[in-house]
Amino acid sequence: NDVTNFDGWIRQYSGSVNVKWFGAVGDGVTDDRLAIQNAINIGDTYIPSGVFRVSTELIVNLNNITINGNGKSSYIKSDDGLHSIIYANNKSGLEIYGLHLATIAQTNATAYKGMVFLHNCRSCTIRDNGIFYFGHKGIYLLDSSFCIVENNIFGESFGTIQDSADISITGNSSFNTINSNICNGKYADHGILIQDPYTNSTPTGNIIINNQVSEHDAYGIVVYVTTDYDTKTVVSNNIVKDIRGNTGAGAFGAGIYIQRAGGTIVSNNNVSNCCLDTTNFETLGIGCISVTGPTTINTVYPVVVEGNVITSTRGVGIYAATGSWDVSILNYSIVSTG
């Protein structure tokens, strides 16, 4: 019964450990958290087909391991939104793929929890997962860098906490690539959020490319920082549509919103059908693509908005409310019926 003694044999046999070898049942009723945790503590972990209920979060304690499933048939479901499902702190080389993550009871969401939450991690990959019914964050990178988030599908959010997002890149998270995700996290504030929520945090060099973002309450893609520096952010080749703007006293609703994020390049995106419920277009400067900045700045880091195709049914196509900021708006196509 001491599975640890057979670790070498297990790895030779399959390259990973199956959570059912540790007693996981996968019937959607049994709490399989301890069995899955014991597997993760060994190393590479395989989640077979089934519905594996976890009452609290799974914690990754090792570097360079893989947690993977069998695609849509491999469910890990948390009881509620009070905790993350998979959490890693100060780890590198983690790869998570082929899982279907969801919440059983869409109640009691807690701020700053993610279905997958990487804190102070490096060089990790989260790919090819389905993430549904999350309370605050779907995938949450906090102070994590050189990570890849790609080919994930996001469904509905059930929380009402500010700045909920399908994908959140927060704090000093830098040089991450967010690629080819389908962000349909209906009822979440944002599809993809880059944010500096605490003093002296400077998210830098993040790339948001080839994603599809739709049906969010505040913004589709937002880069929001509060200090003046070169963020080196790229927002390119994304499709953003159907953004409601039914939160924030009616002053939200942009498809792509750039707040004080100097050095950002917004290029070759297709943005349509934004500001559907916006009632206040002036306070934050809201349009399909919006760029706002401080009224004074010591060093100018230009924002480039180039080659975007915009179809506006309500409000402005491109809105620049920038004070003394240097913004270049080039080679665009706007069709406005609003």
Side-chain angles (χ1 to χ4, degrees), residues 114-116 126-134 136-141 148-159 162-170 173 176-195 203 206-224 233-248 252-259 261 264-278 284 286-291 305 307-315 317-319:
M115 303 292 262
V116 178
I126 307 170
R127 63 175 177 86
D128 301 304
N129 301 288
I131 297 177
F132 298 88
Y133 302 112
F134 55 93
H136 194 216
K137 312 288 190 183
I139 294 176
Y140 183 21
L141 306 184
I148 297 172
V149 178
E150 66 181 3
N151 294 324
N152 301 284
I153 300 176
F154 298 83
E156 291 185 5
S157 166
F158 65 84
Q162 183 177 347
D163 287 332
S164 57
D166 296 20
I167 303 171
S168 184
I169 304 101
T170 306
S173 294
N176 300 289
T177 300
I178 313 302
N179 177 39
S180 299
N181 300 279
I182 299 176
C183 298
N184 292 334
K186 188 176 181 181
Y187 307 122
D189 278 354
H190 319 298
I192 301 173
L193 169 67
I194 298 177
Q195 186 182 39
N206 295 291
I207 298 174
I208 302 173
I209 187 170
N210 298 327
N211 301 281
Q212 298 182 43
V213 180
S214 63
E215 293 196 86
H216 289 80
D217 285 350
Y219 302 123
I221 297 172
V222 53
V223 185
Y224 192 105
T233 305
V234 175
V235 180
S236 184
N237 289 92
N238 302 283
I239 297 172
V240 183
K241 62 182 180 179
D242 301 334
I243 306 303
R244 286 181 285 273
N246 59 1
T247 187
F252 293 177
I256 299 174
Y257 186 74
I258 309 301
Q259 158 63 31
T264 296
I265 297 173
V266 182
S267 65
N268 301 314
N269 301 282
N270 190 314
V271 185
S272 63
N273 214 30
C274 299
C275 306
L276 297 178
D277 297 322
T278 302
L284 298 178
I286 295 299
C288 286
I289 297 177
S290 298
V291 182
V305 181
N308 299 281
V309 176
I310 297 168
T311 303
S312 174
T313 54
R314 292 194 75 233
I318 299 175
Y319 198 130

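Here the structure is a predicted model, which is why all the values come from computation and not from measurement.
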Worksheet item: Quick one: CD1 on I310 to OG on S272, what's the gap to the nearest 0.5 Å?
Response: 10.0 Å
Worksheet item: Can you tell me if N181 uses its side chain to pair, donor with acceptor, with the backbone of V149 under 3.5 Å?
Response: yes
Discussion item. I need the minimum non-hydrogen distance between V240 and G255, along with the two atoms involved.
Written reply: CG1-O, 3.5 Å
Discussion item. Run the side-chain contact (heavy atoms from CB on, under 4.5 Å) test against T170 and tell me which residues pass, sequence neighbours left out.
Written reply: Y140, L142, S168, P197
Practice prompt. Grab the two heavy atoms, one from A218 and one from T247, that are nearest each other, plus how far apart they are.
Written response: CB-CG2, 3.7 Å
Discussion item. Please check this pair: side chain of K186 against backbone of S214, looking for a donor-acceptor N/O pair closer than 3.5 Å.
Written reply: no
Item to complete: Begin with the C-alpha distance, continue with both residues' side-chain angles, and end with the deciding distance and a verdict on side chain to side chain contact (heavy atoms under 4.5 Å, CB included) for V213 and N238.
Response: CA-CA 8 Å; V213 180; N238 302 283; 5.7 Å; no
Discussion item. Could you go through T278 and R314, starting from their C-alpha distance and side-chain angles, then the distance that decides it, and tell me whether this counts as side chain to side chain contact (heavy atoms under 4.5 Å, CB included)?
Written reply: CA-CA 8 Å; T278 302; R314 292 194 75 233; 4.2 Å; yes
Discussion item. Would you compute the distance between atom CD of Q162 and atom NE2 of H136 and round it to the nearest 0.5 angstrom?
Written reply: 8.0 Å
Worksheet item: Testing I139, N184, I182, N129 for side-chain contact (heavy atoms from CB on, under 4.5 Å) with F154, which one passes?
Response: I139
Practice prompt. Could you tell me how the ring of H190 sits relative to the ring of Y219: parallel (under 30°), tilted (30 to 60°) or perpendicular (over 60°)?
Written response: parallel
Worksheet entry | Reported CZ-to-CG distance for the pair R127 and N179, which is rounded to 0.5 angstrom | 12.5 Å
Worksheet item: D189 and H216: which non-hydrogen atoms are nearest, and at how many Å?
Response: O-CB, 3.6 Å
Worksheet item: Side chains of Y319 and I286: closer than 4.5 Å at any heavy-atom pair?
Response: no
Fill in: Donor-acceptor contact present, side-chain N151 to main-chain D128, <3.5 Å
no
Worksheet, complete the sentence: Rounding to 0.5 Å, atoms CD1 (I207) and OG1 (T177) come to a distance of 4.5 Å
Discussion item. I need the minimum non-hydrogen distance between A254 and C275, along with the two atoms involved.
Written reply: N-SG, 4.5 Å
Worksheet item: So, do I194 and I208 sit near enough that their side-chain heavy atoms are less than 4.5 Å apart?
Response: yes
Discussion item. Any heavy-atom pair between the side chains of I192 and I169 that's under 4.5 Å?
Written reply: yes
Fill in: Heavy-atom donor-acceptor pair, N152 side chain to I131 backbone, under 3.5 Å
no
Practice prompt. Give a yes or no answer on whether the side chain of D166 reaches the backbone of G185 with a donor-acceptor pair at less than 3.5 Å.
Written response: yes
Item to complete: Say whether, by atom type as modelled, one donor and one acceptor occur between the side chain of S173 and the main chain of P203 under 3.5 angstrom.
Response: no
Item to complete: Taking the side chain as every heavy atom from C-beta outward, state whether L193 and K137 have any pair of such atoms under 4.5 Å apart.
Response: yes
Practice prompt. Applying side chain to side chain contact (heavy atoms under 4.5 Å, CB included), run through V222 and Q259 and close with a yes or a no.
Written response: CA-CA 8 Å; V222 53; Q259 158 63 31; 5.7 Å; no
Worksheet entry | Audit row: N206, I178, side chain to side chain contact (heavy atoms under 4.5 Å, CB included) steps and yes/no | CA-CA 8 Å; N206 295 291; I178 313 302; over 6 Å; no
Practice prompt. Identify, with sequence neighbours excluded, every residue that meets salt bridge (Lys or Arg N to Asp or Glu O under 4.0 Å) alongside D217.
Written response: R244
Worksheet item: Is the closest side-chain heavy-atom distance between Y257 and Y224 below 4.5 Å?
Response: yes
Discussion item. How long is the straight-line distance from OG of S180 back to CG of N210, given to the nearest 0.5 Å?
Written reply: 4.5 Å
Discussion item. Return the OG1 to CG distance between T313 and L276, rounded to the nearest 0.5 Å.
Written reply: 5.5 Å
Discussion item. Donor-acceptor check, side chain of N211 to backbone of C183, threshold 3.5 angstrom: yes or no?
Written reply: no
Discussion item. Quick check: closest heavy atoms across G159 and S157, and the distance to 0.1 Å?
Written reply: N-OG, 3.5 Å
Fill in: Pairwise side-chain contact, I153 with F132, heavy-atom cut-off 4.5 Å (strictly under)
yes
Response to the item:
Residues S312 and G315: closest non-hydrogen pair is OG-O, 2.7 Å
Discussion item. Could you check whether any side-chain heavy atom of I209 comes within less than 4.5 Å of a side-chain heavy atom of V234, counting everything from C-beta outward?
Written reply: no
